[in-house]
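Let me begin by presenting the structure, written as C-alpha cells, before commenting on it.
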There are 2 protein chains.
Amino acid sequence: MVKITDVARRAGVSPSTVSYALSGKRPISEETRQRVEDAIRELGYRPHAGARALAGRRSNVLALVVPLRAGIHVPTVMRFAVSVVTTARRHDHDVLLLTQEEGVDGLTRVAETALVDALIVMDVQLDDPRLPLLRNLELPSVLIGLPAASEGLTCVDLDFRAAAEACVEHLARLGHRSVALVGSPPEVYVRRTAFAQRVVQGFTDAADRSGMSSSVHPCEPGAARGVAEQLLREQPALTGVVVHNEALLGPLLDAFEHLGLRVPADLSLTAICPDELAESVRVPITSVALPSAEVGERAVELLMKKLAGTAVPEATLLPPWMTERASTGRRTVS
Amino acid sequence: MVKITDVARRAGVSPSTVSYALSGKRPISEETRQRVEDAIRELGYRPHAGARALAGRRSNVLALVVPLRAGIHVPTVMRFAVSVVTTARRHDHDVLLLTQEEGVDGLTRVAETALVDALIVMDVQLDDPRLPLLRNLELPSVLIGLPAASEGLTCVDLDFRAAAEACVEHLARLGHRSVALVGSPPEVYVRRTAFAQRVVQGFTDAADRSGMSSSVHPCEPGAARGVAEQLLREQPALTGVVVHNEALLGPLLDAFEHLGLRVPADLSLTAICPDELAESVRVPITSVALPSAEVGERAVELLMKKLAGTAVPEATLLPPWMTERASTGRRTVS
DNA sequence: TTCCTTCGTCGAAGCGCTTCGACAGGGGTC
DNA sequence: GACCCCTGTCGAAGCGCTTCGACGAAGGAA
C-alpha cells in the first residue's frame, strides 16, 4: 500500500505538505503542488479512509435511511436515494445504506461510532419517533419529509399540501364540481406518514374552498378496479380524480376505461407523481411533478452546509409544478 | 467522546485487555470480562470506526453496487439489497451504497481507500467489464449473477437456466405443445445481462427437447397488450406462456383476459418472479421463486467466509423451486 | 534600516484503536 | 524439585493521516 510518506519522499517534501496540497487548507506554491500531484499520479496514491477519519474527524460518509415499509412505492424511493448518492459523490462523500428496520438504534450506532458525518432520513411521520434523537445528536441531519414540528431540524420536501391544492384548483378551473382523491395504501395513513397526510389536507381544504363535493380513498395496489367501481357507485356526479399513488396510475386508467368512462371526456385525472411516470402511461396524465432528484440534491446540499457550519432554514418546501397533459379537460355537462 | 482508555480505567484494566475482551482474540477471565462489560455499559462506550479500521485493517463495511439501469425491476433489486444489508448487520458489517454510474472507478476507489473490506456486485453481464478488476483486486468480492466465465470469482444466483426449464417442463407435462417466453425489456438483452440470457437458453432448449414450438419476446413495460395480441396472431396454437418480467405479470393477465382468453382454461401462465408477486396478482401464478432474500444472504455469507480466509466455491446456483398455483392447467384439446 | 506580515514549508504530536511480545503465576509432568 | 506450558494481563509500538506551532524568506510600511 502506498502512503502519504511515500508520496512525500517522491515529491521531495514533507508529509504535511502533501496533506496541505491535497486539502488546500494552507497555501502551497504552484510548483510544489505540481510535484505532489505528479508523485500521487505516478504512485497511484489513495489516502486511507480510516486514517483520514481518525485524524481529520470526518469520515466523508453520509447515512441514508431508506424506507422499505408496507405501502411505499419502491421505484419512487429509489429515485431519491440515487439522487442522494450522486450528489453526495459530487461533494466527495459516500453513502451508507441503513434500512428502516435498524431504526433508532441504527442511527445511534453509526453516529456514535463516527462511521458517518451526517444523516439523511426519509419517510418521515408527522410525529416521528426519531425526531428527539435527531435533535439531540451532535451530528447534522436532514429529513426528506416534513414532520408536524420542524423546530431544531432541517427538512426538505415537495410542498405536498400546495401540490394537492394545485390539482384540485386545476380541476375547479375546468368546471369540475365533484372530485375524489385516490391515495396511498391505508397503512401509510395509519403510520401518519407526513406527505400523505398533507395531501389529504390540501385536497380537502381546496375542494371545500371551491365548494366541490369530495371524497378520499386510501387504496391498496391491485385494488384499482374496486375503487373505480366504488367511486362511480357512491359519487355518481364524479368527474375529477386526483391520484396520489404511483402504483395505481395505470391500473386506474384501465379500470375506468373498463367501466366505460373515457379519459378525459368523461373523467379528468390528475396525479402527484414523478413526471416520467405521468408521461409513460397510456393516456399521459396532467400531474404535479414529484421532484425526487431535486429533493435528494437539496438534502445533500443542506447537509454540506451544515457540516461547513452554515445556518440553514428549518423547512425547505419546493413549490408544486404542474404540467398539463392529455388526462384533463373541461367538464362536459350532459 | 468516551474512548477505550476511559473504559479501561473504569474497569481497572489496561486498554489492551478491553480490546481483547471485546474481540475475544485472547482469553480473558470471566470476572474481568464482566467488569469490562459493565464499564462499557455505564459509560456508553462505542469504538470509533475510523480508529478501528486503521488499527485493525478492517472497516467492517461492504460495498454493494446496486443496478438501476434501464429495464430492471427496482422492487426486485431492492429485495436483494435489503437482504444484503440485513445479513451484513447480522455479521456486524455495514453496507455502502454504490450506483452503477460510479462503475469500475467507484469500485476501485472504495477498495483502494480501504473504505470497504469487500464488494458485492449485482446485475452481472455475461462478459462484464468489471470482471478483470474484481479478479485483480486484493479485496474479496461476490457477484450476484453468473457471468460467462466464473474462474477466479465467486458467484451466487438462482439457476435461471434450470428455472426456465422447469417452467417449460411443467407446461409440457400438462400437455402443452406451443409455448412462448415473455421476457425482460430488450435493453436487458442488449447488455447481455446474464440471468436474462440464461432464461432464454433454458427455455429454448427445454422446448426443443420436448418437441414444442416456441418463441421468445423481449417486452417493454406497458407493452403487455401489444405482446398479447402479437402472440395470438403469430402463434395461434399457443397455450402456454412463461413470463420473466415482473412488471408485466399483472398487465399481461389483464391483456389476455381482455382478448377473451381465460387463464388457465385457454392459456396456462407460469413465471419466474418473487413468490409474493406471483401470489398477489388476480390469478395466482404458478411460478419458480426468485429467492432474493436467500441469494442476498448467501452472498454476504460467502463474503464473510472469504474474509475469514476460507475457500468457497466459484459458483453457487440455487436450484429452482416451483410452486403450482391457479394459472396452469392441462391443455384442453378443442 | 527596522519591524511586522504573509507565504510556504517542516517536524512532531496526536486521533483511538489493535496487536505483538513479554511476563507472572499456576498447574501438570517426569 | 526442575521444567514446561498454559492462562490472563500489561505496556508499547504502531496503523496512516491531519493539524498545530514554529520558522526562514520575502515583501511592505514607517
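Here the structure is a predicted model, which means the values were calculated and not measured. Proteins get letters first, then strands, A, B, ... in listed order; numbering begins at 1 in each.
By the 4.0 Å N-to-carboxylate-O rule, A:R33 lies close enough to A:E30 to be salt-bridged with it. Ion pairing of B:E102 with B:R109 is present here, as a side-chain N (NZ or NE/NH1/NH2) and a carboxylate O approach within less than 4.0 Å. In this structure, A:R35 does not pair ionically with A:D38, as no charged nitrogen and carboxylate oxygen lie closer than 4.0 Å. Of the charged side-chain nitrogens involved, at least one lies within less than 4.0 Å of a carboxylate oxygen, so that B:R79 and B:E276 count as a salt-bridged pair. Salt bridge status for A:E297 with A:R90: present, with a side-chain N to carboxylate O gap under 4.0 Å. Salt bridge status for B:E187 with B:R191: absent, with no side-chain N to carboxylate O gap under 4.0 Å. Residues B:E294 and B:R298 are paired through a salt bridge, judged by an N-O separation under 4.0 Å between the basic side chain and the carboxylate.
Counting all heavy atoms, side chain and backbone alike, B:T154 lies closest to B:P313 at CG2-O, 3.6 Å.
Tested against A:S59 for a side-chain hydrogen bond (donor to acceptor under 3.5 Å, both in side chains), the candidates A:T113, A:D117, A:D94 yield a single pass: A:D117.
Within residues 24-45 of chain A, the residues approached by DNA chain D to less than 4.0 Å at the level of any non-hydrogen atom are A:K25, A:R26, A:Y45, in residue-number order.
The span of DNA chain D lying next to chain B, judged by atoms under 4.0 Å from heavy atoms, is bounded 5' to 3' by D:dG8 to D:dG16.
Residue order along DNA chain D, read from the 5' end via each residue's closest nucleotide, puts B:S16 first among B:S16 and B:R57.
Each end of the helix from C:dT1-D:dA30 to C:dC30-D:dG1 yields a helix axis from five base pairs, and these two axes differ in direction by 30° (to the nearest 10 degrees).
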**OP:** Take B:S14 and B:T17 through the side chain to side chain donor-acceptor pair (under 3.5 Å) test and state the conclusion after the steps.
**Re:** CA-CA 5 Å; B:S14 76; B:T17 301; 3.2 Å; yes
